[in-house]
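Have a look at the structure below, then the notes.
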Amino acid sequence: MSLLAQDAEVADLGLRWQPGFAQLGPAFFTRLQPTPLPVPYWVGHSDAVARLLGLPAAWRTGAALEALTGNLPVAGTDPLATVYSGHQFGVWAGQLGDGRAILLGETAGRQEIQLKGAGRTPYSRMGDGRAVLRSSIREFLASEALHALGVPTTRALCVTGSDAPVYRETVETAAVTTRVAPSFIRFGHFEHFAAAGRVDELRALADFVIDRFYPDCREAAAFDGNAYASLLHAVSKRTADLIARWQAVGFCHGVMNTDNMSILGLTIDYGPFQFMDGFNPAHICNHSDSAGRYAYNQQPQVAYWNLFCLAQALLPLIGEEEHAVAAVGVYRVRFPAAFLDRMREKLGLPDAREDDGALLDALLRLMASERTDWPIFWRRWAEHRAGADAAPVRDLFVDRAAFDAWSLQFSERLAQAPQAAAPDAALRANPRFVLRNHLAQQAIERAQSKDFGGVADLLALLQSPCEEHPGMDAHAGFPPDWASTIEISCSS
Ligand code: AMP
Ligand code: MG
């Protein structure tokens, strides 16, 4: 098959398409085709996402491989790249946009399909429009992992690779991730039109988002019936719930710029992310973030700051500043409550009590002082709650007396619960398999020598992370010493 698509040559993915984002009109995007890559190959794929899209069972055809790498047009689509702006590291960055992601379109099942790394766009600035194999595998695995953990996220259908060189700190090779989400609209899309004083486009965008994703905002009586204030309120709630889930699973995003914040409250744009190993509240996963703006314990505050940027952008539509401030204000109540709920699930507490926050803080302080491994502590704790001996949990602590004292406090608290928790409740809230940096790294290194089995094996574990998966103990253990030397930067 020729790499450069002939006029008549198109791939039919077996999907029906409908007008989605493109309805907004040309002020919001630029039409363009992806730039081809030579001799593509499959790197990883998720049949769960294929089912979500309604793809046929045998969807991984040669034509699909070419199409999802950007080498063949997809029948029924008219691809585009969208424009947005944003605040990066707290500073207004002006126009950004889809610099390497190309939206194929929206399926009849209301999922957008986007090819990330599919070549330059008018918004690429100095970039090459490409993504490297390493970061593409990380995004693919992480989005499927977070989804399985119940954390809202964009999904990934597949990663395809090519030996075409991509120049980062070293020479790497190119890959394309096929991303899937109901919408890839970011806070930055709103900031873009607000900053330029283009209120008509700003309103069209807000109306589009409300009509499709937040229809209740039209009927809401709150904020004197102001639908735009209700939208901000709803987004603030979703964002609070999202960040609560990140904190509970120990997920560090790494680049919480406003252009990386989803209007649907999804995890989006996986770059230098990390799932926490030893618990360090001030952990910085992004090697380029020397000031720690996006450290683990800063994430809740940064999300709130980002919501203020969104509020500022929506202000011309909301009108009343008081409404805008009140709408984002819900975050300050919702986040701590949601976080505590998630942590009660992890602890295996069947009910809520006022002093649970203090009980949790005492545990987190102890864990922070000892850098206790986050996934292993929680999994062993869950096994203990399900009836196993306490020794494997206790053995994680150098200061056993401190742990015993906390454990006693926990037992006293549990005794006050009106009913017992299901013995396996905590097992369902505490995964045995987590996408730690070193596991991703091992799969990446194998993939770089064309062995894609590591990606598939890891995906299978991450898709049902709370199951036992006998024989896979090595993937559930402590990180090796070399894990702490892995440096993940913005370079992707
Ligand atoms: P990020 O913070 O990685 O999500 O990216 C910030 C901005 O840079 C977005 O507008 C991206 O589309 C753009 N970008 C990142 N990497 C590249 C690249 N290799 N080529 C073109 N644009 C890029
Ligand atoms: Mg981004």
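Atoms within each ligand, like the ligands themselves, are counted from 1 in listed order.
- Side-chain contact between F190 and V235 is absent, with no heavy-atom pair separated by less than 4.5 Å.
- Of all protein N/O/S atoms, those under 2.8 Å from the Mg ion (ligand 2) are N260 OD1, D269 OD2, and waters are not counted.
- In this structure, M126 has no heavy atom closer than 4.0 Å to ligand 1.
- Near G127, with a cut-off below 4.0 Å to any heavy atom, the atoms of ligand 1 are 18 (C), 20 (N), 21 (C).
- Within the 4.0 Å heavy-atom shell around ligand 1 one does not find K116.
- Within ligand 1, counting atoms from 1 as listed, the ones closer than 4.0 Å to a heavy atom of G97 are 9 (C), 10 (O), 11 (C), 12 (O).
- Heavy-atom contacts of R125 reach the following atoms of ligand 1: 7 (C), 8 (O), 10 (O), 13 (C) (cutoff under 4.0 Å).
- Put simply, the side chain of T267 gets close to the backbone of P152: a donor and an acceptor are under 3.5 Å apart.
- Close approach of ligand 1 to D128 (heavy-atom distance below 4.0 Å) involves ligand atoms 18 (C), 19 (N), 20 (N).
- Distances from atom 5 (O) of ligand 1 to the protein include no heavy-atom value under 4.0 Å.
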Applying ring-ring contact (aromatic ring centres under 6.0 Å, His included), run through Y228 and F223 and close with a yes or a no. CA-CA 9 Å; Y228 304 111; F223 308 105; over 10 Å; no
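- Residues Y270 and R138 form no side-chain contact, since every pair of their non-hydrogen atoms from C-beta on lies 4.5 Å or further apart.
- Comparing R100, Q95, R186 against atom 3 (O) of ligand 1, the shortest heavy-atom distance belongs to R100.
- Ring geometry, F308 versus Y304: the interplanar angle exceeds 60°, so the pair is classed perpendicular (tilted spans 30 to 60°).
- Distances below 4.0 Å separate heavy atoms of Q88 from the following atoms of ligand 1: 6 (C).
- R342 and A248 make their closest contact through CB-CB, 3.7 Å (heavy atoms, listed as atom of the first residue, atom of the second, distance).
- A heavy-atom distance below 4.5 Å is not found between the side chains of P19 and E106.
- E139 is linked by a salt bridge (Lys or Arg N to Asp or Glu O under 4.0 Å) to K116, R179, counting only residues two or more places apart in sequence or in another chain.
- Those atoms of ligand 1 that come under 4.0 Å of a heavy atom in R168, given as number and element, are 19 (N).
- Each of the following atoms of ligand 1 lies closer than 4.0 Å to a heavy atom of D269: 4 (O).
- Using bins of under 30°, 30° to 60° and over 60° for the plane-to-plane angle, the ring pair W246/H253 lands in the parallel bin.
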Evaluate Y123 against Y84 for ring-ring contact (aromatic ring centres under 6.0 Å, His included), listing each step before the verdict. CA-CA 9 Å; Y123 317 112; Y84 53 81; 8.0 Å; no
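- Contact annotation: G271 has no heavy atom less than 4.0 Å from any atom of ligand 1.
- Considering backbone and side-chain atoms alike, D259 places every N or O at 3.5 Å or more from each N or O of ligand 1.
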Trace of the side chain to side chain donor-acceptor pair (under 3.5 Å) decision for S288 with N286: CA-CA 5 Å; S288 320; N286 179 354; 3.3 Å; yes
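- Heavy-atom minimum distance, E169 versus S491: OE1-OG, 3.0 Å.
- Interface atoms of ligand 1 facing Y84, defined by a heavy-atom separation under 4.0 Å, are 9 (C), 10 (O).
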